Amino acid sequence: FNTILKAITGNGVVKDSGNEMAITANGLTISVDTGIAFCEGRIGQLKAAKTLTLDAAADTRTDLIVMRVDAANRLVSIEAKKGTTALTQTEMIYEIPLAEVAVAADGTTTITDKRQFIYTPKQVMTKMNNITAGTETVYARYA
């Protein structure tokens, strides 16, 4: 089943699902809102906001908020990676980025959104039907 999902979806947060896993911060407390995401053919869903607490920083550092798929243990989780923006993307552990968080020595945080959005096949079909019916327009932009 994962192979089928991987073939028809990309990696990323599903557009218009819940609150699209939006990230907010209150000092060192990070909140990841509700939503659905696909990662390497696996699906993760947050039905309630997830709270992460970041460690204080002696000097400014950047943490990465990710959705992690652990295929060996059949787990999907939301994690904070301290002091790195590197993703783990192996056959057994695969991460997609949700946000980078700059943590200052005074405890203030600045979020940079890193979510990539995808549309489910049903959402794509709905858009295509709307375009064909003339109720939605597509605009192309050329570089």
Side-chain angles (χ1 to χ4, degrees), residues 1-57 60-141 143:
F1 190 68
N2 292 339
T3 304
I4 294 168
L5 281 178
K6 185 176 177 180
I8 62 173
T9 62
N11 290 333
V13 176
V14 177
K15 191 73 173 156
D16 299 329
S17 65
N19 290 314
E20 299 176 337
M21 293 187 173
I23 312 285
T24 55
N26 182 5
L28 295 173
T29 302
I30 304 298
S31 179
V32 182
D33 214 335
T34 60
I36 297 172
F38 284 97
C39 181
E40 293 298 282
R42 274 96 173 166
I43 187 169
Q45 180 177 16
L46 283 178
K47 292 183 178 180
K50 164 95 177 186
T51 301
L52 303 168
T53 303
L54 303 179
D55 295 334
T60 299
R61 70 161 196 275
T62 302
D63 292 351
L64 186 63
I65 309 301
V66 299
M67 183 176 113
R68 177 181 298 143
V69 170
D70 178 345
N73 295 304
R74 301 179 68 182
L75 294 173
V76 177
S77 60
I78 303 295
E79 306 290 337
K81 296 180 73 170
K82 180 180 174 182
T84 183
T85 58
L87 294 168
T88 301
Q89 294 183 330
T90 67
E91 189 175 330
M92 299 312 287
I93 303 287
Y94 203 95
E95 298 170 339
I96 61 170
L98 299 176
E100 286 181 7
V101 182
V103 181
D106 66 0
T108 60
T109 52
T110 304
I111 296 173
T112 302
D113 191 353
K114 293 293 181 178
R115 295 172 296 165
Q116 294 179 356
F117 291 101
I118 62 170
Y119 292 89
T120 63
K122 183 177 177 182
Q123 289 170 319
V124 171
M125 185 54 73
T126 299
K127 284 200 171 289
M128 291 301 294
N129 288 339
N130 291 344
I131 291 165
T132 320
T135 58
E136 195 166 327
T137 306
V138 176
Y139 297 97
R141 189 171 99 187

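By convention here, the first residue in the shown sequence is residue 1. Everything numeric in this text was worked out from a predicted model, so none of it was measured.
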Side chain to side chain donor-acceptor pair (under 3.5 Å) partners for Gln45, two or more places apart: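 Residues passing side chain to side chain donor-acceptor pair (under 3.5 Å) with Gln45: none at all.
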Counting only N and O atoms by type, is there a donor-acceptor contact under 3.5 Å from the side chain of [X] to the main-chain atoms of [Y]?
X     : Y     : result
Thr34 : Asn19 : yes
Glu79 : Val66 : no
Asp70 : Ile93 : no

Within 6.0 Å of CD in Gln116, more than 12 heavy atoms from elsewhere: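 Not more than 12 within 6.0 Å, no.
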Assess whether atom CG of Asn26 is packed by more than 12 heavy atoms of other residues, nucleotides or ligands within 6.0 Å. no
Using the side-chain contact (heavy atoms from CB on, under 4.5 Å) rule, take Gln89 and Glu40 through it: C-alpha gap first, then chi angles, then the decisive distance, then the call. CA-CA 10 Å; Gln89 294 183 330; Glu40 293 298 282; over 6 Å; no
Between Lys82 and Leu54, is a side-chain contact (heavy atoms from CB on, under 4.5 Å) present by the stated rule, with each step listed? CA-CA 8 Å; Lys82 180 180 174 182; Leu54 303 179; over 6 Å; no
side-chain contact (heavy atoms from CB on, under 4.5 Å) between Asp55 and Arg61: does it pass, once the steps are laid out? CA-CA 10 Å; Asp55 295 334; Arg61 70 161 196 275; 3.9 Å; yes
Does any non-hydrogen side-chain atom of Val14 lie less than 4.5 Å from one of Gln123?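 A side-chain contact exists here, since the closest heavy-atom pair is under 4.5 Å.
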May I ask you to test the Asp113-Ile23 pair for a side-chain heavy-atom distance under 4.5 Å?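 A side-chain contact under 4.5 Å is absent here.
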Between OG1 of Thr84 and CG of Leu64, what distance do you get to the nearest 0.5 Å?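 The OG1 atom of Thr84 sits 7.0 Å away from the CG atom of Leu64.
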The complete set of salt bridge (charged side-chain N to carboxylate O under 4.0 Å, His left out) pairs with one or both residues in residues 13-37, sequence neighbours excluded, reads Lys15-Glu20
